Peer 1: 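Questions regarding the structure given below will be posed in turn.
Bear in mind the structure is a predicted one, so any value in this text is a computation, not a measurement. Note on naming: letters A, B, ... go to the chains in the order of the sequence lines (proteins, then strands), and numbering restarts at 1 for each one. Hydrogens, waters and symmetry mates are skipped; everything else that's a heavy atom, side chains included, is used.
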Amino acid sequence: MIEVKDVHFTYPNGVEALKGVSLTINNGEFAAIMGENGAGKTTLVKHFNGLLKPTKGSVLVDGVDTRKVSVATLARKVGFVFQNPDTQLFSETVEEEIAFALKNFGFKENIIKRRVTWALNLLGLVQYRKTSPFMLSGGERKRVALASVLAWNPKMLILDEPTIGQDYQQKEKLRQFIMQMKAQRRTIIIVTHDVEFVAECNPRVLLMRGGRMVTDGEARKVLTNPEILTQASVVPPQIAQIFIKLSDLGLPKNVIDVYEAREILLSVLEEQAK
Amino acid sequence: MSVFEGLRFRRVYSPIHNLDPRIKFVYVCAIFVAAIIFWELLPLITLFLIQIPFVLLAGVKREWLRSMRGAVFLAAIIFLTNFIFSFIGAGYIVTAKSVENAVAMTLRFIVLVESFSIFFLTTSPDHLGLALEQTHIPYEFCFAFTTAVRFVPVLAEEAQTIMDAQKARGLELEGGNFLKRIRNYIPILIPLIVGSIRRSLELAEAMESRAWGATKNRTNLYVLKMHRGDFILIAITVGILATAIYTRLFFAIPSLNELLGSLF
Ligand SMILES: Nc1ncnc2c1ncn2[C@@H]1O[C@H](COP(=O)(O)OP(=O)(O)OP(=O)(O)O)[C@@H](O)[C@H]1O
Ligand SMILES: [Mg+2]
C-alpha cells in the first residue's frame with residue numbers, strides 16, 4: 001500500500017512541482033496518472049520508491065516512511081521503469097542487462113537464469129538475448145528496460161509512459177500483461193498520455209494539474225467528463241467522444257469500452273429495424 | 001556534480017560579466033602561470049586572496065562557494081598524497097616544512113580552480129564563442145567549443161537521472177570498499193557516455209538537415225569591443241605577472257614557519 005500524505009516537493013532550482021498531494025493506493029489496485037505536460041506526474045511517482053523525498057508531508061510504502069530506507073531497499077518491493085530507457089542500459093548483452101537487478105538483489109544463479117528467460121519471453125526479446133541493447137530500436141530498448149524490472153517481479157510496479165514508441169501489437173501485449181499482474185493482486189501505477197490505452201485497461205484514473213491532484217475516480221466516470229478532462233489537457237477516448245456527441249439519441253454518455261459500445265449500438269439499430 | 005554547478009553560467013550583469021572574455025582569459029592564464037612558478041605558501045595565499053574582490057564584484061559568491069566546496073574532495077587527495085610522500089621522504093617524521101609544502105600544493109590547486117570558476121561563472125557561452133570567432137578561429141571549432149560548454153549542465157542533470165534509474169534497480173551507490181565503489185559507477189558512466197555520443201550524432205544530423213554551414217561568410221550581430229574595464233584588467237594582469245616574476249627571481253621567499261619564528 002502506498003500512502004501519500006499532503007506531499008509538497010520543490011526542486012533545488014526552486015520549482016515547486018508538487019503542491020500538497022494526498023492519495024492512497026491499495027494493494028492490488030491499478031491506477032493511471034494522467035495530466036498535462038509538467039503537471040508533476042513523474043515527480044509524484046518518483047516519491048513512491050524514494051528517489052525523491054518530500055520537502056513537506058510524507059510517503060509511506062507498506063507503512064514504511066520512504067525517508068527512512070534507501071532506494072535500493074525499496075526497489076525490491078517497488079519496481080520503477082523510467083520514461084527514457086537510455087538512462088539505464090549499460091550491459092554488453094540484453095541478457096546481462098536483465099540480470100543486473102537480480103544480481104543486485106542477491107538472487108541465486110539458477111533463479112537468475114530462469115527469471116531472465118521468463119522476462120525475455122514475456123516481452124518478445126528472445127532473439128535478442130545475446131545482442132547489445134544499444135543496437136536495438138527505440139521501442140525494443142524500452143522493452144528491455146521493462147523486462148529488466150519485471151524480472152524480479154516486484155510487488156508494486158510503476159511504469160512512466162510505458163506505451164511510448166510501441167507498435168499496436170506490443171501495446172496489446174503490455175495491456176494483457178498488466179491485466180495478468182492485476183489478477184495476481186499486484187499494484188500497478190502507470191503514468192501516461194495515451195488515453196485510448198487507459199480506456200481499454202479501465203483503471204482508476206488520477207488527473208493532475210499544476211502540482212495538484214484534481215480528479216480521482218473510475219476511468220469510465222472520469223474519461224467521459226469533458227469538463228474535468230479539458231482542465232487536465234486530456235481529451236476523452238474516441239468511443240466516449242462518439243457517445244457524447246450522440247447523446248441526443250438517448251444513448252448513455254459514460255461508455256469507453258468498445259464491446260459495450262457495440263452492444264448498445266446494435267440494440268439501437270435492431271430497435272430501429274423493427 | 002557540485003563542481004559542474006560552480007561552472008554554470010547565470011545571466012546577471014556586473015562589471016566583471018561585461019569584461020571582454022579574451023582579456024579575462026589572459027588574466028586566468030596569468031594567475032595560472034603565477035600559481036605554477038611558486039611552491040611557497042605565502043605567495044599562493046596572496047594569489048588566493050587577490051581574486052576574492054573579483055568574486056564579490058561579480059556577485060557570484062554563492063555559486064563560487066559551491067564550486068570551491070566541490071573541489072574539496074580533490075584538494076584533500078592532493079594534500080594527502082603530497083603529505084604522505086614528504087612524510088616517507090623525510091624518513092617517517094612529520095616536519096612543519098612538509099606540512100607547509102603539502103598545504104601549498106593544495107592551495108595551488110585551489111587557486112587554479114578558483115580562477116577558472118570565476119571565468120566560467122562570469123562569461124556567457126555566447127560571449128566565449130564570439131571571442132573565439134574574433135580571434136579568427138574557424139567557426140566549426142568555435143561552435144564545437146560553445147556547444148560543449150553549453151552541454152555541461154545538461155550532462156550533470158542526465159547523470160542524476162541515470163543514478164536514479166540504477167538505484168531503482170537495486171544498485172547501492174553508498175557503502176562497500178573503495179574498489180567496489182568504483183565498480184558501482186560503471187552502470188552510471190556507460191549510459192552517460194553512450195547517451196552523449198548518441199546525442200552528438202543526432203545533433204549533427206539535425207544541424208545538417210537544417211542547412212548548417214550553408215553560408216560561407218558569417219557576420220555577427222554583436223562585435224566585442226574593449227572598454228575601460230578591460231584596460232584596467234590588462235593593467236592588473238600585467239601587474240600581477242610582473243610582480244610574480246620579479247619576486248620569484250630576486251627574492252628568497254620565507255616559509256610561514258620562518259616568518260612566524262622571526263616575529264616571536
Ligand atoms: N530535475 C528537475 N529540476 C528542476 N525542475 C524540474 C526537474 N524535473 C522536473 N522539473 C519541473 O517540475 C515540474 C513537473 O515536472 P514532471 O517531470 O513531474 O512533469 P510530468 O507531469 O511528468 O510531465 P510530462 O508529461 O511532460 O512527463 C515541471 O515544471 C518541470 O519543469
Ligand atoms: Mg513525466
Peer 1: Taking all non-hydrogen atoms of both residues, which atom of A:Phe82 and which atom of B:Ala165 are closest, and how far apart?
Peer 2: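 Result for this residue pair: CE1-CA, 3.4 Å.
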Peer 1: If you count heavy-atom pairs under 4.5 Å between each of B:Gly195, B:Pro187, B:Ala168 and chain A, which one has the most?
Peer 2: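 If we count pairs closer than 4.5 Å to chain A, B:Pro187 comes out on top.
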Peer 1: Measure A:Phe134 against the heavy atoms of chain B and call it side chain, backbone, both or neither at under 4.5 Å.
Peer 2: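 Its backbone and side chain both get close to chain B.
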Peer 1: More than 12 heavy atoms of other residues, nucleotides or ligands under 6.0 Å from CZ of A:Phe107: yes or no?
Peer 2: yes
Peer 1: Drop me the distance from A:Phe90's CZ to B:Leu189's CG, to the nearest 0.5 angstrom.
Peer 2: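 Answer rounded to 0.5 Å: 11.0 Å.
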Peer 1: Is it the case that atom OH in B:Tyr139 sees more than 12 heavy atoms from other parts of the structure closer than 6.0 Å?
Peer 2: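 Result for OH/B:Tyr139: enclosed.
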Peer 1: Using every non-hydrogen atom in the two residues, find where B:Gly170 and A:Ala75 come nearest and quote the distance to one decimal.
Peer 2: N-CB, 4.0 Å
Peer 1: Taking only distance into account, so ignoring hydrogens and angles, what donor-acceptor contacts under 3.5 Å exist between chain B and chain A?
Peer 2:
unit_1: B:Gln166; atom_1: NE2; unit_2: A:Gln88; atom_2: O; d: 3.0
unit_1: B:Arg169; atom_1: O; unit_2: A:Asn104; atom_2: ND2; d: 3.1
unit_1: B:Arg169; atom_1: NH1; unit_2: A:Glu97; atom_2: O; d: 3.2
unit_1: B:Arg169; atom_1: NH1; unit_2: A:Glu97; atom_2: OE2; d: 3.2
unit_1: B:Arg169; atom_1: NH1; unit_2: A:Ser148; atom_2: OG; d: 3.1
unit_1: B:Arg169; atom_1: NH2; unit_2: A:Gln88; atom_2: O; d: 3.3
unit_1: B:Arg169; atom_1: NH2; unit_2: A:Glu97; atom_2: OE2; d: 2.6
unit_1: B:Glu172; atom_1: OE2; unit_2: A:Ser70; atom_2: OG; d: 3.3

Peer 1: Could I get the full list of side chain to side chain contact (heavy atoms under 4.5 Å, CB included) partners for B:Ala35, not counting sequence neighbours?
Peer 2: B:Leu44, B:Leu47, B:Arg108, B:Val111, B:Leu112
